[in-house]
Protein chains: 2
Amino acid sequence: MKNKLKVLRAERDWSQADLAEKLDVSRQTVNAIETGKYDPSLPLAFKIAEVFEKTIEEIFVYEG
Amino acid sequence: MKNKLKVLRAERDWSQADLAEKLDVSRQTVNAIETGKYDPSLPLAFKIAEVFEKTIEEIFVYEG
DNA sequence: CCTGAAAGTCAAGCAAACTTTACATTTTAT
DNA sequence: ATAAAATGTAAAGTTTGCTTGACTTTCAGG
């Protein structure tokens, strides 16, 4: 699974800590997702889509 | 999180076991998601969207 | 150069997702 | 009515997502 967090975050000039706060998760979680260590849960994916005002599909790319 | 699995499955006349096979998960997992016991992982949500030819947002409704 | 903010990473622990096995209940068809 | 198929549910175990705390590395500004 690829994602566009880093770009979307950069566009908004948010730090990982900023995003973490908006999502109500830890900074390490944002970092782990961004660096591809693991995928977010579905609820967290929805939250991420929400703060970036995008669909999940626009942010995350599933590689079957 | 609400979802439309039961309806989508009924429309296609698939059993939970049928769907589980298509998704490559256990029948109990399909049942648990359908009955709201827990949410699927993001990868599984993508697979579900794929087999139903819908977006994740069309199938799952996040309740903030 | 040097400082401070941001990003990366590791470990231990808890919670959520998913597995298998097994059994009970409900629905469907004959 | 009965049998088979589908659905629901439960326990115990594994894997994945997420936490806190701590430490290192990278990068931009004075």
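Each chain gets a letter, A, B and so on, in the order its sequence line appears, and its residues count up from 1.
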Item to complete: To the nearest 0.5 Å, tell me how far A:Lys6 NZ sits from A:Glu11 CD.
Response: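 A:Lys6 atom NZ to A:Glu11 atom CD measures 14.0 Å (nearest 0.5 Å).
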Worksheet item: Between OG of A:Ser41 and CD1 of A:Ile48, what distance do you get to the nearest 0.5 Å?
Response: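 The CD1 atom of A:Ile48 is 8.0 Å from OG of A:Ser41, to the nearest 0.5 Å.
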Can you list, in residue-number order, the parts of [range] that come under 4.0 Å of DNA chain C, counting heavy atoms only?
range                     : answer
residues 36-46 of chain B : B:Tyr38, B:Asp39, B:Pro40, B:Ser41, B:Leu44
residues 11-27 of chain A : A:Ser15, A:Gln16, A:Arg27
residues 57-64 of chain B : none

Worksheet entry | Trace of the side-chain contact (heavy atoms from CB on, under 4.5 Å) decision for A:Leu19 with A:Leu8 | CA-CA 10 Å; A:Leu19 178 55; A:Leu8 293 169; over 6 Å; no
Worksheet item: Picking from D:dT19, C:dT19, C:dG8, which would you name as closest to the side chain of A:Thr29?
Response: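 Per side-chain heavy atoms of A:Thr29, the pick is D:dT19.
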What is the minimum heavy-atom distance between [X] and [Y], and which atoms define it?
X       : Y       : answer
B:Ile33 : B:Asn3  : O-ND2, 3.1 Å
A:Ile56 : A:Ala45 : CG1-O, 3.9 Å
A:Thr55 : A:Ala49 : C-CB, 4.1 Å

Discussion item. According to salt bridge (charged side-chain N to carboxylate O under 4.0 Å, His left out), does anything in residues 51-64 of chain B pair up with another residue at least two apart or in another chain? List the pairs.
Written reply: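 Residue pairs with at least one partner in residues 51-64 of chain B: B:Lys2-B:Glu63.
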Discussion item. Under the salt bridge (charged side-chain N to carboxylate O under 4.0 Å, His left out) definition, can you give me all pairs with a residue in residues 38-52 of chain B, not counting sequence neighbours?
Written reply: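 Residue pairs passing salt bridge (charged side-chain N to carboxylate O under 4.0 Å, His left out), neighbours aside: none found.
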Item to complete: Please round to 10 degrees the angle between the axis of the first five pairs and the axis of the last five pairs in the helix from C:dC1-D:dG30 to C:dT30-D:dA1.
Response: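 End-to-end axis angle for the helix from C:dC1-D:dG30 to C:dT30-D:dA1: 50°, rounded to 10°.
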Give me, pair by pair, the N or O atoms of the protein and of nucleotides 26-30 of chain D that are less than 3.5 Å apart, along with how far apart they are.
none

[N], OP1 or OP2 - any side-chain N/O from [X] closer than 4.0 Å?
X       : N      : value
A:Arg9  : C:dA6  : no
B:Lys47 : C:dC18 : no
A:Asn31 : C:dA7  : no

Worksheet item: Does the D:dT7 base have a donor-acceptor partner in the side chain of B:Gln28 within less than 3.5 Å?
Response: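 Side chain to base: no pair below 3.5 Å.
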Fill in: Test side chain to side chain donor-acceptor pair (under 3.5 Å) applied to A:Asn31 - qualifying residues, sequence neighbours left out
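Side chain to side chain donor-acceptor pair (under 3.5 Å) list for A:Asn31, sorted by chain: A:Gln16.
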Practice prompt. Determine which pairs satisfy ring-ring contact (aromatic ring centres under 6.0 Å, His included) with at least one residue from residues 6-27 of chain B, sequence neighbours left out, and list them in order.
Written response: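 Every pair satisfying ring-ring contact (aromatic ring centres under 6.0 Å, His included) with a residue in residues 6-27 of chain B: B:Trp14-B:Phe52.
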Worksheet item: Applying ring-ring contact (aromatic ring centres under 6.0 Å, His included), which residue pairs with at least one partner in residues 18-41 of chain B are found, sequence neighbours left out?
Response: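 Residue pairs passing ring-ring contact (aromatic ring centres under 6.0 Å, His included), neighbours aside: none found.
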Fill in: Residues which pass ring-ring contact (aromatic ring centres under 6.0 Å, His included) with A:Phe46, listed by chain and number, not counting sequence neighbours
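Residues passing ring-ring contact (aromatic ring centres under 6.0 Å, His included) with A:Phe46: B:Tyr62.
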Worksheet item: Are A:Val61 and A:Leu42 in one and the same hydrophobic cluster, where Ile, Leu, Val, Met, Phe, Trp and Tyr link if side-chain heavy atoms are under 4.5 Å apart?
Response: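 Different hydrophobic clusters.
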Worksheet item: Could you give all pairs that pass the side-chain hydrogen bond (donor to acceptor under 3.5 Å, both in side chains) test and reach residues 18-30 of chain B, with sequence neighbours left out?
Response: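 Listed by first then second residue: B:Ser15-B:Asp18, B:Ser26-B:Thr29.
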